There are 2 protein chains.
Amino acid sequence: MVTDRLPHTLRSDALDNRERILDAARALFSTDGLDVPMREVARRAGVGPATLYRHFPTKQMLIAEAFADQLHACRAIVDEGCADPDPWRGLCLVIERICELHARDRGFTEAFLSTYPEVKDVAAGREYTVKAVAELAQRAKEAGHLRSDFVLDDLILILMANKGIHATSTASQVKASRRFAGLAIQAFEACPQHAPLPPAARLASAAPDST
Amino acid sequence: MVTDRLPHTLRSDALDNRERILDAARALFSTDGLDVPMREVARRAGVGPATLYRHFPTKQMLIAEAFADQLHACRAIVDEGCADPDPWRGLCLVIERICELHARDRGFTEAFLSTYPEVKDVAAGREYTVKAVAELAQRAKEAGHLRSDFVLDDLILILMANKGIHATSTASQVKASRRFAGLAIQAFEACPQHAPLPPAARLASAAPDST
DNA sequence: ACCTAAACGGACGGAGGCGTCCGTTATCGT
DNA sequence: ACGATAACGGACGCCTCCGTCCGTTTAGGT
């Protein structure tokens, strides 16, 4: 057998490049979405294509690494919402903050809703988030603030819908998203005058792979 | 000067091909969006690329022609809504029907919201629609059914948001869209318990070109 | 039946994205 | 200071899409 000599410590320049690549990826993904060419990321990072591919053999890996902190932010938001003694207020907070997060980062939205072919890490993070929010929603419903015919897919619906909103600048994007979140929350709020909703559709929220 | 001999009557095979191309374009655009290659349209229509380009020199022209009837449908919906003696019911109908229309036809959504570089005819149709709906909304507001802080951009917001909703099949797409429209309507409905909304953002709804 | 020109579509050259190879450069242990 | 080697990036070949040219086919008037 071969005594594998994997140097688990990167050379300083390599580490440096790796960081620059991630920065470039984050910047481009957040403004232009995930469809930016790998070349473009490399160019922006000031490295050759080969270097980019050496660090991140597939686009998925790059995406997963680039959005690691966004995912943490997402998780933090959800945790914060769940910790709120008032579940309805917690849920509202989650909706508002997550919408804003997505408004600020187009790429993250795409990754999170996996428009893109299964980014594993992101998918895992999403699953956790979804589960936690489900409990929060249940509590809010029991408290009588969330309408009883709310289903979790409605939240996915809102997130997808939020993705559809595009504006020229990040500022107006966030503004629009905020208003949208406001509308969504009021649509979700229990209210006697509300007529029953059309039935919810099953959305591809967490389709488990055969893996 | 030249006595121009433009034959305003197409040869039968040409006319036939033209129809087949439009059918193919409609089918592909509606399921796959506007990004389908021109080649693909030609292939599906059973004609060569050159023939496609001869009939529709630019993609915009093809799009405009392909969505002519959708645009009429859109207009008809708005007219119907405006004709309703109850402006709120009329507005609801418009929202529901337009959302459904967009849900059934992905390409039309993109064209209508001109994700695509200015499709002139579509833009014109949109402008008419927007104006008519604005009046309808005003009446609904005066009747006290539509919340007073509603602005027209909210409707654009909903349309954009509706665009963001994607499902695996047209059926679930429509279903999801219906539920979304239902939520939107309830968010728009005047209701004493509703808190004020965040300020509306100016969306690029009808940016007039310098032309 | 025939002839003209309208209409067709295969084939071409160009642009841009992709992932990889390999000669060169720079790091780091001695 | 220097050599082994990790890391770099320019350049390559492949692919898909684009829009156009031009030799061939076919409609339709006489």
Side-chain angles (χ1 to χ4, degrees), chain A residues 2-25 27-29 31-66 107 110 115-119, chain B residues 2-25 27-29 31-66 107 110 115-119:
Chain A
V2 190
T3 27
D4 25 334
R5 286 219 124 281
L6 300 181
H8 282 129
T9 163
L10 284 167
R11 230 170 64 180
S12 66
D13 55 345
L15 200 86
D16 198 52
N17 278 336
R18 188 189 159 83
E19 281 312 311
R20 264 214 307 287
I21 289 172
L22 280 174
D23 283 346
L28 288 173
F29 286 158
T31 60
D32 302 344
L34 301 182
D35 281 335
V36 288
M38 290 291 259
R39 286 317 222 269
E40 189 63 30
V41 176
R43 217 169 301 142
R44 173 129 177 185
V47 303
T51 300
L52 172 52
Y53 281 109
R54 193 171 316 109
H55 283 286
F56 308 97
T58 85
K59 197 169 201 170
Q60 272 77 14
M61 292 186 191
L62 177 58
I63 291 171
E65 297 261 7
E110 293 178 16
T115 285
Y116 238 72
E118 282 316 331
V119 183
Chain B
V2 190
T3 27
D4 25 333
R5 286 221 122 280
L6 300 184
H8 281 128
T9 163
L10 284 168
R11 230 169 66 178
S12 67
D13 55 345
L15 200 87
D16 198 52
N17 276 337
R18 187 189 160 82
E19 279 314 309
R20 265 214 306 286
I21 289 171
L22 281 174
D23 283 345
L28 288 173
F29 286 158
T31 61
D32 302 343
L34 300 183
D35 282 334
V36 288
M38 290 291 258
R39 284 320 220 265
E40 189 62 30
V41 176
R43 218 169 299 141
R44 173 128 177 187
V47 304
T51 300
L52 172 53
Y53 281 109
R54 195 171 314 112
H55 283 285
F56 307 98
T58 86
K59 199 169 198 168
Q60 270 77 15
M61 292 186 191
L62 177 58
I63 291 172
E65 297 261 7
E110 293 178 18
T115 286
Y116 240 70
E118 283 316 329
V119 183

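No experiment lies behind these values; they were computed from the predicted model shown. Values below: every heavy atom of this structure, side chains too, minus hydrogens, waters and symmetry copies. Below, chains carry the letters A, B, ... as their sequence lines are ordered, and counting in each starts from 1.
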Visitor: Show each protein N/O and nucleotides 28-30 of chain C N/O combination with a separation under 3.5 Å, one pair to a line.
Guide:
from, atom 1, to, atom 2, distance (Å)
C/dC28, OP1, A/S12, N, 2.8
C/dC28, OP1, A/S12, OG, 3.1

Visitor: Distance check needed: C/dG9 P versus B/R44 CZ, whole Å only.
Guide: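 From B/R44 CZ to C/dG9 P: 17 Å.
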Visitor: Hey, which sits more toward the 5' end of DNA chain C by its nearest nucleotide, A/R54 or B/L15?
Guide: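 Here B/L15 is the residue nearer the 5' end.
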Visitor: Taking only side-chain N and O atoms of A/T51, does any of them lie within less than 4.0 angstrom of OP1 or OP2 on D/dA7?
Guide: no
Visitor: Given the rule in the side chain to side chain contact (heavy atoms under 4.5 Å, CB included) test, do A/M38 and A/L62 qualify, once you have shown the distances and angles that lead to the verdict?
Guide: CA-CA 10 Å; A/M38 290 291 259; A/L62 177 58; 4.0 Å; yes
Visitor: Can you check whether A/H55 has a side-chain N or O nearer than 4.0 Å to OP1 or OP2 of D/dA7?
Guide: no
Visitor: Mind checking the CG-CZ spacing from B/L22 to B/F29? Nearest 0.5 Å is all I need.
Guide: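 Interatomic distance, B/L22 CG to B/F29 CZ, rounded to 0.5 Å: 9.5 Å.
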Visitor: Between atom CG in B/D16 and atom P in D/dG28, what is the gap in whole Å?
Guide: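 Taking CG of B/D16 and P of D/dG28, I get 11 Å after rounding.
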Visitor: Please determine if a side-chain N or O atom of B/N17 lies less than 4.0 Å away from the OP1 or OP2 oxygen of C/dA7.
Guide: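 No.
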Visitor: Tell me every residue that passes side-chain hydrogen bond (donor to acceptor under 3.5 Å, both in side chains) with A/R39, counting only those two or more places apart in sequence or in another chain.
Guide: none
Visitor: Provide, to the nearest angstrom, the distance between the CZ atom belonging to A/R18 and the P atom belonging to D/dA6.
Guide: 18 Å
Visitor: Partners of A/R20 by side-chain hydrogen bond (donor to acceptor under 3.5 Å, both in side chains), sequence neighbours excluded?
Guide: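 Here the qualifying residues are A/D16, A/N17.
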Visitor: Rounded to the nearest 0.5 Å, how far does CD of A/E40 lie from CG of A/L28?
Guide: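 The CD atom of A/E40 is 6.0 Å from CG of A/L28, to the nearest 0.5 Å.
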Visitor: To the nearest 0.5 Å, what is the distance between CG on A/L15 and OG1 on A/T9?
Guide: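 Answer rounded to 0.5 Å: 8.0 Å.
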Visitor: From CZ of A/F56 over to P of C/dT20, roughly how many Å is that when rounded to an integer?
Guide: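 Nearest whole value for this atom pair: 16 Å.
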Visitor: Measure all distances between protein nitrogen or oxygen atoms and nitrogen or oxygen atoms of nucleotides 17-20 of chain D, and list the pairs falling under 3.5 Å.
Guide:
from, atom 1, to, atom 2, distance (Å)
D/dC18, OP1, B/M38, N, 3.3
D/dC18, OP2, B/M38, N, 3.3
D/dG19, OP2, B/Y53, OH, 2.5
D/dG19, N7, B/R39, NH1, 3.0
D/dG19, O6, B/R39, NH1, 3.2
D/dG19, O6, B/R39, NH2, 2.5

Visitor: Could I get the full list of side-chain hydrogen bond (donor to acceptor under 3.5 Å, both in side chains) partners for A/E19, not counting sequence neighbours?
Guide: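 For A/E19 there are no side-chain hydrogen bond (donor to acceptor under 3.5 Å, both in side chains) partners, ignoring immediate neighbours.
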Visitor: Nearest 0.5 Å please: distance from the CG atom of B/D35 over to the CD atom of B/E110.
Guide: 6.0 Å
Visitor: For B/R18, enumerate each residue passing the side-chain hydrogen bond (donor to acceptor under 3.5 Å, both in side chains) test, keeping only those at least two apart in sequence or located in another chain.
Guide: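 B/R18: side-chain hydrogen bond (donor to acceptor under 3.5 Å, both in side chains) contacts with B/E65.
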